[in-house]
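We number each residue from 1, following the sequence as shown. Note that the structure is predicted; figures quoted are calculated from it, not measured.
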Amino acid sequence: MMPGMARTVVMFTNPIAGRGKATAVSRQLQDALGHSYHIEHVALPAESVNLDKLGAVGNLEAAICVGGDGTLQGVGEL
């Protein structure tokens, strides 16, 4: 990574997964990563994801899926 470039993570979250626990987990992850990474949040369902916006994120280092198997499937179909 080039010096001065922001480290970016995209976090896909299904807010109703786990009876709402996914939201709490994503907040905990954000707190843990927030000082080292720029986090782009994407709420599912996948139909609402703006792929052009994700393409403009740039220096993407990782994607995190917070939810259940339906969340993972939705992200995999993007």
| message | Would Thr23 and Val66 count as a side-chain contact (heavy atoms from CB on, under 4.5 Å) here? Give the steps. | response | CA-CA 8 Å; Thr23 300; Val66 182; over 6 Å; no
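- Taking each heavy atom of Gln30 and Met11 in turn, the nearest pair found is N-CE, 4.2 Å.
- From Ser26, atom OG reaches atom CG of Leu33 across 11.0 Å, with rounding to the nearest 0.5 Å.
- Taking both residues in full, the closest heavy atoms of Gly67 and Ala17 are given as CA-CB, 3.5 Å, listed atom of the first, atom of the second, then distance.
- Note that the CG atom of Asn14 and the NZ atom of Lys21 stand 14.5 Å from one another [nearest 0.5 Å].
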| request: Output, in order, the C-alpha distance, side-chain angles, deciding distance and verdict of side-chain contact (heavy atoms from CB on, under 4.5 Å) for Val10 and Ile64. | output: CA-CA 6 Å; Val10 175; Ile64 299 171; over 6 Å; no
